[in-house]
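Below, each value reflects all heavy atoms present in this structure, side chains not excepted, and no hydrogens, waters or symmetry copies. Below, read A as the first sequence line, B as the second, and so on, with proteins coming before strands; counting in each chain starts at 1.
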Number of protein chains: 2
Amino acid sequence: MVCQAKDFQQEHKKEMRAVQDSMDVLSGKWKIPIISSLCYYNKRRFSDILNDIEGISNRMLSKELKDLEINKLIKRTILDTQPITVQYELTQHGITLKTIINNLTEWGIEHRKKIIEQ
Amino acid sequence: MVCQAKDFQQEHKKEMRAVQDSMDVLSGKWKIPIISSLCYYNKRRFSDILNDIEGISNRMLSKELKDLEINKLIKRTILDTQPITVQYELTQHGITLKTIINNLTEWGIEHRKKIIEQ
DNA sequence: CAGGATCCTATACGATACTG
DNA sequence: CAGTATCGTATAGGATCCTG
């Protein structure tokens with residue numbers, strides 16, 4: 001009995017740590033919106049993302065894109081255009097976040113309804 | 001054609017806004033971990049949550065719990081014990097976040113593997 | 001035990017201007 | 001176009017102490 005309770009405890013600790021691991025990579029005001037943009041549009045240029053996300057500054061977008069690239073969630077490609085354009089897309093690993101993005105989208109819609117209805 | 005492209009554009013704008021709506025409520029370092037604790041343990045006292053989440057201070061926990069209560073995601077109950085204890089649990093609305101928490105947990109585990117393996 | 005009050009710091013973020 | 005550099009502010013968050 002006591003032993004099983006301890007097992008649950010252990011299991012929950014692991015789950016809690018896993019969630020925090022996710023949040024280490026995803027927290028902040030802009031990471032999720034950026035990933036969402038790439039999730040919905042697939043390939044997207046710097047200035048496009050800048051327009052997709054309301055309120056973000058180029059400084060922040062630049063910094064966050066770097067972070068996400070370091071964490072292997074997105075891939076950066078310089079296109080041979082004139083002038084040069086840069087394309088971003090999700091990596092295979094980044095794509096595994098699609099489920100979460102979809103859930104957040106659905107939840108956001110429901111949450112807005114809940115807030116408005118009162 | 002052009003018209004359909006515009007429709008997609010519109011749809012994506014909505015999705016993007018929905019995601020940001022979610023993040024308005026959930027962003028910050030501690031909200032998701034707190035919800036996770038209540039998600040996995042169901043009913044939980046203040047000091048328990050304080051222990052569940054590594055690194056959180058009582059000041060932050062107190063503040064974030066208030067925020068979540070205002071947003072109707074959790075419910076606060078004062079128990080008639082000596083000394084007084086306070087119990088927190090997810091509301092019906094808060095429970096709708098379980099899917100997201102579970103996904104974040106799974107993703108965190110996979111992400112850790114990815115990071116370690118290189 | 002469950003917080004509130006106070007003080008303090010780091011950093012996240014914004015605005016603006018500039019460059020290849 | 002895709003950033004970088006610089007500067008400034010706000011606020012998120014930590015540490016500590018106090019109270020019913």
message: If we check side-chain contact (heavy atoms from CB on, under 4.5 Å) with B/Asn103, which of these qualifies: A/Thr96, A/Ile100, A/Leu97?
response: A/Ile100

task: Please identify each residue that fulfils side chain to side chain contact (heavy atoms under 4.5 Å, CB included) with B/Lys72, with sequence neighbours left out.
output: A/Gln118

Using side-chain heavy atoms (C-beta onward) and a distance below 4.5 Å, is [X] in contact with [Y]?
| X | Y | value |
| --- | --- | --- |
| A/Arg59 | A/Leu61 | no |
| A/Val86 | A/Thr77 | no |
| B/His93 | A/Trp107 | yes |
| A/Leu90 | A/Leu73 | no |
| B/Arg45 | B/Asp48 | yes |
| B/Ser62 | B/Phe46 | yes |
| B/Tyr88 | B/Leu68 | no |
| A/Asp21 | B/Ile115 | no |

task: Please work out whether the ring planes of B/Tyr41 and A/His12 are parallel, tilted or perpendicular, with thresholds of 30° and 60°.
output: perpendicular

- prompt: Which atom pair, heavy atoms only, marks the closest approach of B/Ala18 to A/Ile109?
  reply: CB-CG1, 3.7 Å

- request: Of all the heavy-atom pairs spanning B/Lys31 and B/Val25, show the shortest one and how long it is.
  value: CD-O, 3.5 Å

- prompt: Atom CG of B/Leu61 and atom C1' of D/dA12: how far apart are they, to the nearest Å?
  reply: 15 Å

- prompt: How close or far is atom P of D/dG13 from atom CD of A/Gln20, stated in whole angstroms?
  reply: 12 Å

What protein N or O atoms touch nucleotides 4-6 of chain D N or O atoms at under 3.5 angstrom, if any, and at what distances?
| from | atom 1 | to | atom 2 | distance (Å) |
| --- | --- | --- | --- | --- |
| D/dT4 | OP1 | A/Lys66 | NZ | 3.2 |
| D/dT4 | OP2 | A/Ser62 | OG | 2.6 |
| D/dT4 | OP2 | A/Lys66 | NZ | 3.4 |
| D/dT4 | O4 | A/Asn58 | ND2 | 3.2 |

field: Earlier contact from the 5' end, DNA chain D, for B/Glu64 and A/Arg45
entry: A/Arg45

Any residue of residues 29-42 of chain A with a heavy atom less than 4.0 Å from an atom of DNA chain D: none

query: Which residues, if any, of residues 75-85 of chain B bring a heavy atom under 4.0 Å of DNA chain D?
result: none

message: Could you tell me the boundaries of the chain A footprint on DNA chain C, defined by atoms under 4.0 Å from its heavy atoms?
response: C/dC13 to C/dA17

query: Is the number of heavy atoms from other residues, nucleotides or ligands under 6.0 Å of B/Ile84 CD1 greater than 12?
result: no

message: Based on the rotation axes of five pairs at each end, what angle does the helix from C/dC1-D/dG20 to C/dG20-D/dC1 bend through, to 10°?
response: 50°

